[in-house]
Each structure stands twice: as C-alpha cells, then as structure tokens.
Amino acid sequence: MERHTLMRPSWKGAWVPVVVLLVLGGGLAACGGAPPKPADLETLDGLRASRIVEAIRQDPAEIENANVRELRELALEALRASDRYHEESVANWRRNRQDAAQVTARMGLTYHRAAENYFRAAEARERLAAANVSLQGQIQRRNEYMERLQSEQELIAMLETIRVLFQRNEELQRQLATIQEQARVESRALYAIQEARIEQRAAEGMRAEQFATSTYRDAQQLLTRAQARFEDSRFEEAYEIAVQALDVFRRAGEEARPRFMSEQDRLLSDATNRRLYERAQQIFGADRARIDARGLVIVMPDLFDARAAEVRDTRRGELEQVLDMLRQAERSSVMIEGHTDDRPNAEAAMALSQTRADTVLNFFLQRGIAARRLSTSGFGRNQPLYDNRSAQGRANNNRVEIIFLFR
Amino acid sequence: MGWQRRCTAWLVVGAAALWLSAPALADEMRSQLEAANERLVAHEAHEHASEASSEIAQMRLMISEAQGQLAAGDRLSARGTLLRVNAVQRLIESILQRATFERLAHERESDMLQTVEETSELQLQLEVATQRRQALQDEVRAIVDRLEQN
C-alpha cells in the first residue's frame with residue numbers, strides 16, 4: 001500500500017481512473033458477487049469463534065501470580081496482533097486482493113497460534129505453581145510421617161530389647177524354680193538317706209546285724225538301692241526307698257533289742273565294765289554313753305568347728321574326763337572314730353574325719369596314754385548321728401566317738 | 001496552481017528524504033534480521049526445539065528469503081518477510097514456553113504424585129509400626145505383671 005502511495009506524484013487527473021475503477025468494481029460486484037474467501041481466513045474465522053479466545057481476552061491484570069500474568073499478557077498481545085491481521089485480511093479479501101488477504105490471514109493464524117500457546121503455557125505455569133504448593137505440603141506431611149515412623153521404630157527397638165530382657169528374666173525365674181525344686185527333692189532324698197543311716201547306727205547299737213540278721217540285711221539292701229538311685233539323680237525314688245530303709249532299720253533295731261539287752265547284761269556283769277559304763281553315764285548322760293557290741297561308746301558331739309580338726313577350747317574338759325577314765329581302766333583298749341557333717345565333699349570329709357581322730361589320739365598320747373592302747377579310724381560324713389538339716393545337727397556331727405572295747 | 005506547486009515541492013522533498021533514508025532503513029532491517037538469526041540459533045539450542053522444528057525451519061527459510069530480498073534491493077518485500085519472521089519467531093517462542101512449562105508442570109505433578117504415594121506408604125508403615133509398638137507394650141506390661149505376681 002505504501003508503494004502505491006509513493007508511485008503517485010500528483011493528484012492531477014486522479015479522479016478519472018478512480019471513477020473508472022469504481023464503475024468497474026461495481027460492475028464486477030453486480031455481475032460476479034463476493035470473491036472466494038481464502039482458506040487461511042476461513043480457518044482463522046473458525047479459530048476466533050472458539051472458547052479459548054474468550055478466555056485469552058479476559059483481562060490478566062487481576063492474576064496474582066506475576067509469571068502467569070506475564071504469559072497471559074503475551075497471549076493477549078499476540079491475539080490482538082492476530083485481530084489486526086484478521087481485519088487487514090478481511091479488508092483485502094473484500095477488495096478482492098486475494099494474495100494480500102492470504103498473506104495477512106496466515107500472519108493472523110500465526111499470531112493466533114502463538115496466543116493459544118502462550119495461554120496454554122500460562123495454564124501450565126499455573127499448574128506448576130499449584131503443584132509446587134501441593135508438593136511442599138506433601139513433602140511436609142511425608143517428613144512428618146517419616147519422623148513419627150522413625151520415632152515408632154526406635155520405640156519398637158527399645159521395647160523389643162526390654163521384652164527380651166524380661167523374657168530372659170522370666171526364663172531364669174522358671175529355671176531357678178526348677179532348680180530349687182530339684183534341689184528340694186535332692187536334699188529331701190539325701191536327708192532321708194542320712195536318717196536311714198542314723199537309724200542304721202541305732203540298729204547296729206542293738207547289734208541288729210547279729211540279732212536281727214535278715215531284717216537288717218533287707219534294710220541295708222534298701223539303703224544301698226536308695227544310695228544308687230540318688231547317685232543316678234533319681235531323687236524321688238531314692239527318697240521313697242530311703243524311707244523304707246529307715247523303717248526296716250527301725251524294725252531291725254526293735255527285733256534285736258531283747259537279745260541285745262540280755263547281751264548288755266552279760267557284758268555289764270563284769271564289774272570293771274559296769275563301773276566304766278556307770279561312770280560314763282554319770283559324766284555324759286545316757287544319750288551319749290551307751291553299750292554296743294564292741295563295748296562302751298562315748299559320743300563327743302560338736303567337738304570341732306566346721307572344717308576344722310582342732311578341738312574347740314570349750315570342749316577340752318570333756319576329753320580330760322575321758323582321759324581320767326582311760327587312766328582308771330588301765331587294761332582297756334580304745335578306738336577313736338572321727339566324723340564330719342555333710343557339707344564337705346566325700347573325699348575331703350573322709351580325710352578330715354581321720355585327722356580329727358588323730359588329733360584326739362595325740363591328745364591322749366601327749367598325756368601319757370600308751371600308744372598300744374589306742375587306735376583310730378575316720379568315717380567321713382557317712383555315719384551321721386544327728387540331723388544335718390539343722391545347724392545344731394551339723395555341729396553335733398563334727399564329732400568323735402570313743403569306744404572302750406570290752407574284752 | 002500555487003497549491004500544486006507547493007504539493008509537488010513537498011513530494012519532491014519527501015521522495016528525496018526517502019531516497020536519502022533508504023540505506024539507513026536497509027541497515028536497520030539487516031540488524032533486525034541478525035537479531036532474528038541469533039534468536040533462531042537460541043531456539044534451535046532449546047531443549048524443546050523438536051516441538052517447533054517445522055516453525056524453526058520456516059523461520060530459517062524466511063530469514064534467508066529476507067536477506068536475499070535485501071541484497072536485491074527489494075526493501076518492501078524484505079520488510080514484509082521480516083514481519084512474517086517476527087510472527088513465526090513469536091510462535092516459536094510461545095511453543096517453547098508452552099512445552100517448557102507443560103514439562104515442568106508434568107514433572108512437578110509426577111513428583112507430587114510420587115510423594116503422595118510415598119506418604120501413603122509411610123502412613124501405612126506408621127500404622128503397622130504403631131500397632132506393633134502397642135502390641136509390644138501390652139506384651140511387656142503382661143510380663144511385668146507376671147514378674148510382679150511372682
């Protein structure tokens with residue numbers, strides 16, 4: 001258009017061609033109608049009627065997000081450029097300038113597409129902003145859950161440790177109860193065996209092995225079985241059999257008693273023996289001075305401290321009294337038997353009992369009693385005379401027995 | 001006829017001004033083409049250039065066309081081509097902006113969805129852990145009660 005303007009140097013005679021052109025144009029319009037619309041203009045018309053155009057035309061000034069607003073402004077700007085080219089294209093088409101109409105319609109299309117793209121970009125930018133906000137929120141929630149989960153996991157680890165410790169504690173308590181029960185059963189069996197032995201000693205005091213041989217042998221077999229069961233850790237059975245043994249030993253002692261009494265009478269018919277017996281009973285009492293098959297037995301309980309082989313100072317007086325008896329019964333030989341309580345192991349008890357017997361032997365030797373009259377033996381913990389379950393019983397079993405052998 | 005002379009004089013002056021300003025206009029268009037070319041290079045390097053490949057090719061052709069027109073002294077055609085170059089350049093820029101923000105939005109939405117999934121998973125784990133912790137607490141309390149009774 002600029003070119004046309006520049007190519008006309010003067011207005012002189014210009015009305016002639018204008019009139020001719022108007023007449024020709026009018027004639028053409030009257031004969032042929034409107035010229036065909038260029039395809040791009042048709043397309044542009046169609047696009048301009050779409051909904052998105054309405055959305056693009058809305059004023060972006062109120063959009064808060066500056067980035068979105070900027071893109072919407074670009075979209076609006078491009079749409080306005082498209083509008084301008086559309087108007088130009090329509091004008092060109094109406095003037096039947098097909099090429100110009102096509103070119104401007106294409107320009108309008110290009111700007112229209114740009115406007116749509118900017119609008120879509122603005123929408124995407126808006127989505128991005130919303131996603132950013134949501135993402136921040138989600139990240140915050142996720143972090144909160146992670147912290148809480150970590151805290152829960154730490155608590156779980158701690159509780160599992162506590163549970164394991166408590167379970168171990170419970171298990172140990174159960175084991176302890178089992179051990180205590182086993183110990184109770186074991187000690188009950190042990191004491192039953194010891195009581196049977198005490199009863200055996202009492203029966204032997206009545207010479208039951210001689211005067212009630214069969215019953216005594218039965219009792220002894222029972223005791224041996226009880227001991228075997230005990231060594232096999234069959235404590236319940238050991239207890240049952242030991243109780244039977246005790247009863248049978250008691251019965252053996254009762255069976256032997258009449259014949260023993262007559263035998264005792266026979267032994268005490270010897271004047272020397274009787275004097276010795278009476279003296280012993282006077283000094284030590286009937287429970288500690290008795291007659292058995294061997295002769296006069298004097299029991300010296302609680303003579304030693306536990307695990308010791310030295311005679312306690314407080315008990316030396318009793319040994320002095322036995323010494324007097326030894327001096328008076330010049331012809332009597334004496335057997336000294338050492339014993340212990342049940343606390344040391346068997347081997348140690350045996351050695352300790354022998355040492356105790358030797359200590360008493362030395363006591364007499366040092367005071368002038370002839371060695372030929374004295375002999376010793378140790379029985380360890382095998383012949384308790386008192387109940388080892390009590391402290392007093394154990395103390396009493398730390399003893400010697402001094403036997404004046406009757407001829 | 002005085003007005004005709006004055007008009008002719010003004011036309012002569014205008015033509016002279018146009019003739020004198022012609023080289024400056026050509027330089028101006030050249031520099032615009034140069035700038036368009038630089039933008040074209042930048043668009044080609046864009047990570048979403050493939051989305052606007054036909055437009056980029058079109059712009060390159062138009063720039064060459066305008067340069068040819070300028071070289072031939074056809075400034076009027078060159079000016080028209082430059083207007084088309086600007087329009088296509090704006091179109092390319094809009095395509096790239098759209099592609100960029102759609103990708104970013106998609107990525108961020110994917111991140112968000114993934115985070116939502118992770119959060120849901122964590123929530124489940126937390127529920128399981130809480131139940132486990134409560135069960136352990138009950139168990140420990142029961143043991144403590146038993147121990148106290150013993």
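This is a predicted model, so every value here is computed, not measured. Sequence lines set the chain letters: A, B, ... in the order given, protein chains first and strands last, and positions in each chain run from 1.
Per-residue heavy-atom pair counts under 4.5 Å with chain A were compared for Val140(B), Asp111(B), Thr100(B), Val128(B), and the maximum is reached by Val140(B). Counting heavy-atom pairs closer than 4.5 Å to chain A, the top-ranked of the candidates Gly80(B), Ala129(B), Ser120(B) is Ala129(B).
In this structure, OG1 in Thr110(A) is found 11.5 Å from CG in Asn86(B), a value given to the nearest 0.5 Å. Taking CD of Glu102(B) as the start and CG of Asn117(A) as the end, the distance is 8.5 Å to the nearest 0.5 Å. The CG atom of Leu136(B) sits 10.0 Å away from the OG1 atom of Thr161(A) when rounded to the nearest 0.5 Å.
Using a 4.5 Å cut-off between heavy atoms, Tyr111(A) contacts chain B through its side chain alone, with no backbone atom that close. Only the side chain of Glu139(B) comes within less than 4.5 Å of a heavy atom in chain A; its backbone stays farther off. Neither the backbone nor the side chain of Leu113(B) comes within less than 4.5 Å of any heavy atom of chain A. Residue Glu107(B): no heavy atom, backbone or side chain, is found under 4.5 Å from chain A. At a 4.5 Å heavy-atom cutoff, the contact between Gln137(B) and chain A is made by backbone and side-chain atoms alike. The contact between Arg146(B) and chain A is made entirely by side chain atoms (from C-beta outward), counting heavy-atom distances below 4.5 Å. Of the two parts of Phe119(A), neither the backbone nor the side chain holds a non-hydrogen atom closer than 4.5 Å to a non-hydrogen atom of chain B.
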TODO: Dump the intermediate steps for side-chain contact (heavy atoms from CB on, under 4.5 Å) on Leu71(A) and Phe101(B), then the final yes or no.
DONE: CA-CA 11 Å; Leu71(A) 287 165; Phe101(B) 287 119; 3.9 Å; yes
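Shown here for Asn169(A) and Leu147(B), the closest heavy-atom pair between the two residues is OD1-CD2, 4.0 Å.
Residues from residues 120-157 of chain A that place a non-hydrogen atom less than 4.5 Å from a non-hydrogen atom of chain B comprise Arg120(A), Ala121(A), Ala124(A), Arg125(A), Arg127(A), Leu128(A), Ala131(A), Asn132(A), Ser134(A), Leu135(A), Gln138(A), Ile139(A), Arg141(A), Arg142(A), Tyr145(A), Met146(A), Arg148(A), Leu149(A), Glu152(A), Leu155(A), Ile156(A), given in numerical order.
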